[in-house]
Visitor: 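Shown below is the structure under consideration.
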Amino acid sequence: RYKVIEGIISPVSDEYGKKGLVSARHRVAMSRLALETSNWIRVDPWESQQQHWSETVEVLSQPLRSSSLFQYWNDLVLQIHYRFYFAGGNCVHSSEVTGAWPVGSPQLKLLCGADFLETFKIPKLWREEHIVEVVGKFGLVCISRGLTDMHRFIHESDTLTRHRHNIHLVREWIQNEISATEIRRALRRGQSVRYLLPDSVIKYIKQHDLYTAESELKNAGDILQPLKQTMSE
């Protein structure tokens, strides 16, 4: 049904407030090192450079000006002798403005693991209107993880069920159970993580002394920004 143009990784801002979150500049640098062998996934630093935590809807709504996504579509329409300009997420042709993307145009979707669906049920973590926009306007590509029952989570949510057509479930038959939490724990304890991370990333972590017992205490006791925001309203 789809042709994948590119994958985009967007590291969260330092203001997210997660316990043990290392500086965004390090997370962007490590991501770029990890993607050196990929010819279709890249890092977009926009979110990490913000002075505030950005909600998922805001990140997805960014035009991603450096993305080849829009250049790809522009090249396609040029082939059929049309010229489109993108303004505010809408497609402008001459003086005519339409609120919908043309058939066959690129679509930005949120790639996630099956456990991501569980976060929709955490009280005050998500605004209901944002769930509707993320799932309804953009859509999810959800990859199976462990024994998590993706179908059950969708079934138990009226919102997810209503937008079921825009949630694409991918069964990963060769399971990859690498856990970022377990890797950080191993690093903190001085254990080897070779073959779990690219050698270039391991070297960077050692050079900058990341994921130590001290760094894991960063933001300890803080409340995640999305929870803070909804609690203050």
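Just the heavy atoms: all of them, side chains too, but no hydrogens, waters or symmetry mates, feed the values below.
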Visitor: So do Ser144 and Met150 actually touch side chain to side chain, heavy atoms under 4.5 Å?
Guide: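 Yes, side chains in contact.
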Visitor: Within a 6.0 Å radius of atom NE2 on His155, are there more than 12 heavy atoms belonging to other residues, nucleotides or ligands?
Guide: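 Open: at most 12 neighbouring heavy atoms sit under 6.0 Å from NE2 of His155.
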Visitor: Calculate, to the nearest 0.5 Å, the distance between atoms CD1 and CZ belonging to Ile167 and Arg162 respectively.
Guide: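 The distance works out to 11.0 Å.
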Visitor: Indicate the atoms forming the closest heavy-atom contact of Arg145 with Ile178, along with that distance.
Guide: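 Smallest interatomic distance, heavy atoms only, reads NH2-O, 3.9 Å.
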Visitor: Could you check if a side-chain atom of Val43 sits within less than 4.5 angstrom of a side-chain atom of Ile8, using non-hydrogen atoms only?
Guide: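 Result no, sub-4.5 Å side-chain heavy-atom pair not found.
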Visitor: In this structure, would Val193 and Leu210 fall into the same cluster of hydrophobic residues linked by side-chain contacts under 4.5 Å?
Guide: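 Hydrophobic grouping puts Val193 with Leu210.
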Visitor: Is it the case that more than 12 heavy atoms not belonging to Glu177 sit under 6.0 Å from its CD atom?
Guide: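 Result for CD/Glu177: enclosed.
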Visitor: Is there a side-chain contact between Asn166 and Lys137 in this structure, where contact means two heavy atoms from C-beta onward sitting under 4.5 Å apart?
Guide: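 Heavy-atom side-chain distance check fails, nothing below 4.5 Å.
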Visitor: What about Val4 and Leu110, same hydrophobic cluster or not, with Ile/Leu/Val/Met/Phe/Trp/Tyr joined at side-chain heavy-atom distances under 4.5 Å?
Guide: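 In one cluster with Val4: Leu110, no.
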Visitor: Is there a side chain to side chain contact (heavy atoms under 4.5 Å, CB included) between His208 and Met30 once you walk through the steps?
Guide: CA-CA 11 Å; His208 296 275; Met30 287 186 289; over 6 Å; no
Visitor: At what distance, to the nearest 0.5 angstrom, does CD1 of Ile205 lie from CG of Leu197?
Guide: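 Taking CD1 in Ile205 and CG in Leu197, the distance rounds to 5.5 Å.
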Visitor: If you group Ile, Leu, Val, Met, Phe, Trp and Tyr by side-chain heavy-atom gaps below 4.5 Å, do Tyr204 and Leu35 land in one group?
Guide: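 Not linked; separate clusters.
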Visitor: Quick check: do Arg184 and Glu216 have side-chain heavy atoms less than 4.5 Å from each other?
Guide: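 A side-chain contact exists here, since the closest heavy-atom pair is under 4.5 Å.
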Visitor: Quick one: pull up CD1 in Ile154 and CZ in Phe120 and give me the separation to the nearest 0.5 Å.
Guide: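 Spacing of CD1 (Ile154) from CZ (Phe120) equals 10.0 Å.
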Visitor: How far apart are the closest heavy atoms of His163 and Gly136, and which atoms are they?
Guide: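 Heavy atoms only, the tightest pair is ND1-CA, 3.5 Å.
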Visitor: Rounded to the nearest 0.5 Å, how far apart are NZ of Lys121 and CG of Leu160?
Guide: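 Going from NZ on Lys121 over to CG on Leu160, the span is 10.0 Å.
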Visitor: What heavy-atom pair brings Pro45 and Arg32 nearest, and what distance separates the two atoms?
Guide: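 What the structure gives for the nearest pair is CG-NH2, 3.8 Å.
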Visitor: Step by step, would you call Glu58 with Gln50 a side chain to side chain contact (heavy atoms under 4.5 Å, CB included)?
Guide: CA-CA 12 Å; Glu58 181 184 359; Gln50 303 309 301; 5.6 Å; no
Visitor: Looking at side-chain heavy atoms only, is the closest gap between Trp53 and Asp14 below 4.5 Å?
Guide: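 No, side chains not in contact.
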Visitor: Determine, stepwise, if the pair Lys218 / Leu21 fulfils side chain to side chain contact (heavy atoms under 4.5 Å, CB included).
Guide: CA-CA 7 Å; Lys218 183 180 179 180; Leu21 188 67; 5.5 Å; no
Visitor: I would like to know whether Tyr211 and Ile183 meet side chain to side chain contact (heavy atoms under 4.5 Å, CB included); could you show each step before the answer?
Guide: CA-CA 9 Å; Tyr211 303 116; Ile183 289 177; over 6 Å; no
Visitor: Do Phe138 and Val132 land in one hydrophobic cluster if side-chain heavy atoms of ILVMFWY residues count as linked below 4.5 Å?
Guide: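 Per the 4.5 Å side-chain linkage, Phe138 and Val132 are not co-clustered.
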Visitor: Does Arg152 come within less than 4.0 Å of Glu156, counting only side-chain N to carboxylate O?
Guide: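 Counted as a salt bridge, because a side-chain N and a carboxylate O are separated by less than 4.0 Å.
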Visitor: Find out whether Ile9 and Arg42 are in side-chain contact, i.e. whether some heavy atom of one side chain is under 4.5 Å from a heavy atom of the other.
Guide: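 No, their side chains stay 4.5 Å or more apart.
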Visitor: Hey, what do you get for CD (Glu128) to CG (Asp158), rounding to the nearest 0.5 Å?
Guide: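 These two atoms lie 9.0 Å from each other.
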Visitor: Taking atom types as modelled and ignoring hydrogens, do the side chains of Trp46 and Ser10 form a donor-acceptor contact shorter than 3.5 angstrom?
Guide: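 Not at all, the side chains of Trp46 and Ser10 share no donor-acceptor pair under 3.5 Å.
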Visitor: Output the distance between atom NZ (Lys109) and atom SG (Cys142), rounded to the nearest 0.5 Å.
Guide: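 The NZ atom of Lys109 sits 13.0 Å away from the SG atom of Cys142.
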Visitor: Taking the side chain as every heavy atom from C-beta outward, state whether Val28 and Arg25 have any atom pair closer than 4.5 Å.
Guide: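 Sidechains of Arg25 and Val28: no contact.
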Visitor: Flag the pair Glu47 / Val12 as yes when at least one side-chain heavy-atom distance between them is below 4.5 Å, and no otherwise.
Guide: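 Sidechains of Val12 and Glu47: in contact.
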Visitor: Out of curiosity, does Leu33 fall in the hydrophobic cluster containing Ile41 (side-chain heavy atoms, cut-off under 4.5 Å, transitive links)?
Guide: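 No, because Ile41 and Leu33 fall into different hydrophobic clusters, even though each may have its own neighbours under 4.5 Å.
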Visitor: Does either side chain, that of Glu15 or that of Ser13, offer a donor lying less than 3.5 Å from an acceptor on the other one?
Guide: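 Side-chain D/A pair, Glu15 to Ser13: absent.
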